[in-house]
Amino acid sequence: MKFQPTASHFINGEYVEDTAGEQIDVIYPATGEVIAKLHSATPAIIDQALNAAKAAQAEWAAMSGTERGRVLRRAADIMRERNRELSILETHDTGKPLQETLVADATSGADALEYFGGLAASLTGEHIPLGGGDFVYTIREALGVCVGIGAWNYPTQIACWKGAPALTCGNTMVFKPSETTPLSALKVAEILIEAGAPKGVYNVVQGYGNVGASLITDDRVAKVSLTGSVPTGRKVYAAAADGMKHVTMELGGKSPMIVFDDADIENAVSGAILGNFYSSGQVCSNGTRVFVQKGIKEVFLNRLSERLATAKIGDPLDEDVNFGPMVSENQMNIALGYIEKGKAEGARLVYGGERIDGDGFYMQPTVFADVTDDMTIAREEIFGPVMSVLDFDTEEEVLTRANDTEFGLAAGVFTNDLTRAHRIVAGFEAGTCYINTYNLAPVEAPFGGSKMSGVGRENSKLAINHFSEMKTVYVSMNDVEAPY
Ligand code: NDP
């Protein structure tokens with residue numbers, strides 16, 4: 001099998017196997033073909049990974065920030081040099097078109113390694129002067145062993161978005177990818193070793209949710225960072241709370257995108273396409289509730305349909321193809337099920353709506369119009385290429401409706417009225433907002449959700465606070481005054 005890794009897990013700088021673990025078949029979503037067979041981690045493998053991470057942590061944290069940063073920046077360079085090879089692997093793991101993976105996966109992983117590598121040398125505490133000559137200084141310390149648990153839509157990116165800030169701060173990591181897309185994280189682990197990371201600093205174990213669950217509850221673990229759905233987030237957060245562990249939760253969404261009648265229609269349609277159909281709609285921050293002001297509704301829908309008709313659906317390895325299969329048969333069936341619900345509840349299907357025949361897990365980009373706020377397709381995260389278009393009249397009305405959801409991951413507005421754009425953004429209940437664009441997530445900017453969509457932020461300098469803690473040291477320059 002062309003993509004069979006040396007072994008299932010990467011622990012303490014080398015590939016490790018335990019065939020007693022449940023078999024995981026890795027399927028290429030474009031053809032349904034099995035491209036690798038791995039094994040889920042057994043308790044012995046989990047123990048080995050946590051021991052390796054624990055043993056490596058003190059030495060890694062004791063290295064200077066400059067040295068740690070150098071390792072990460074070298075890893076970023078290697079990832080960029082191997083971008084094509086890594087992108088081909090990512091395309092086989094996820095089904096995403098090579099046109100996307102070449103620019104959005106190993107490259108964004110490399111950005112994270114470079115950005116956090118660059119910060120490593122400047123991570124410090126502070127000096128706080130007090131009265132009478134006393135002072136406090138703070139020491140920024142690593143948390144210890146961190147567990148990363150990933151979703152299947154951006155496996156390389158997630159492995160790096162969690163690994164890079166964790167390692168920068170002097171933590172070590174055990175990362176568990178989704179069993180649907182287990183291959184890319186192994187490459188990240190290999191590259192970090194090649195870049196000079198000490199053994200045990202970044203480990204990968206494969207497995208289903210039960211492997212993730214046993215990692216979180218282990219006493220050796222100080223923090224868990226999850227990218228996944230809200231139901232999984234609830235379980236992981238509760239399990240972490242029991243051990244009072246730090247958490248970052250990057251969860252799902254049902255984000256609104258508001259298009260006012262003064263917006264540039266082409267840009268708004270582009271935003272709606274990117275925010276609903278990139279990666280076949282399997283993006284957490286997608287703006288799947290597109291609120292269009294009544295006067296421009298038909299123009300918007302017509303232009304959207306015209307542009308969707310030019311999407312090139314097909315072999316993801318063909319670089320002209322810009323719309324690939326769903327990650328798995330299961331995920332495709334979930335999305336098709338929502339399309340049936342949309343029809344049954346009275347939404348108007350204006351584009352797509354069907355599975356595309358063949359062995360791969362292809363379905364059409366799909367648009368519903370006349371969607372109302374209470375319909376299932378407007379309330380639940382679909383995680384597939386299904387856009388709901390809703391009408392609105394006034395600014396006040398649309399903001400209330402946009403916020404009427406348990407989720408709060410992202411939100412966007414298209415308008416040429418500057419003050420209205422900022423007013424709307426100020427009113428959005430969401431962690432990541434966009435004005436006249438959608439779904440960009442540069443490593444320099446904080447990324448994450450409010451409400452049920454998450455806790456904490458990834459990327460940017462803020463991520464440092466989620467992977468380190470401050471020790472406060474009070475220094476007295478005076479005699480100690482005691483009452484008796
Ligand atoms: P899931 O929540 O099903 O799984 C996420 C990860 O958690 C997987 O590795 C999964 O393993 C693991 N897991 C499942 N149960 C447990 C448990 N009890 N304890 C520990 N780990 C567990 O999400 P999907 O993989 O289906 O990904 C899609 C979801 O991810 C969507 O809701 C999407 O919005 C969200 N997402 C959020 C992003 C963000 O940044 N906010 C970005 C990308 C996706 P296994 O797969 O083996 O079950």
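Sequence positions, counted from 1, serve as the residue numbers for this chain. Numbering of ligands and ligand atoms starts at 1, following listing order. Remember, it's a predicted structure, so these values are computed and weren't measured experimentally.
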Could you check, using the six-membered ring where one of them is a Trp, whether W60 and Y202 have ring centers closer than 6.0 angstrom? no
Suppose we call two aromatic rings close when their centres sit under 6.0 Å apart. Are Y154 and W161 close by that rule? no
Neighbouring protein residues of ligand 1 - any heavy atom closer than 4.0 Å: I149, G150, A151, W152, N153, K176, P177, S178, E179, G207, Y208, G209, G212, A213, I216, L226, T227, G228, S229, T232, K235, V236, E250, L251, G252, C284, E381, F383, L409, F447
Of all the heavy-atom pairs spanning K199 and A56, show the shortest one and how long it is. O-CB, 3.3 Å
Determine, step by step, whether L304 and M387 satisfy the side chain to side chain contact (heavy atoms under 4.5 Å, CB included) criterion, reporting the C-alpha distance in whole Å, the side-chain angles of both residues, the deciding distance to 0.1 Å, and the verdict. CA-CA 11 Å; L304 181 62; M387 182 196 297; 3.6 Å; yes
Given R289, which partner from the list D373, T405, D404, I377 fulfils the side chain to side chain contact (heavy atoms under 4.5 Å, CB included) test? T405
What salt bridge (Lys or Arg N to Asp or Glu O under 4.0 Å) pairs are there with at least one residue in residues 161-174, not counting sequence neighbours? K162-E458
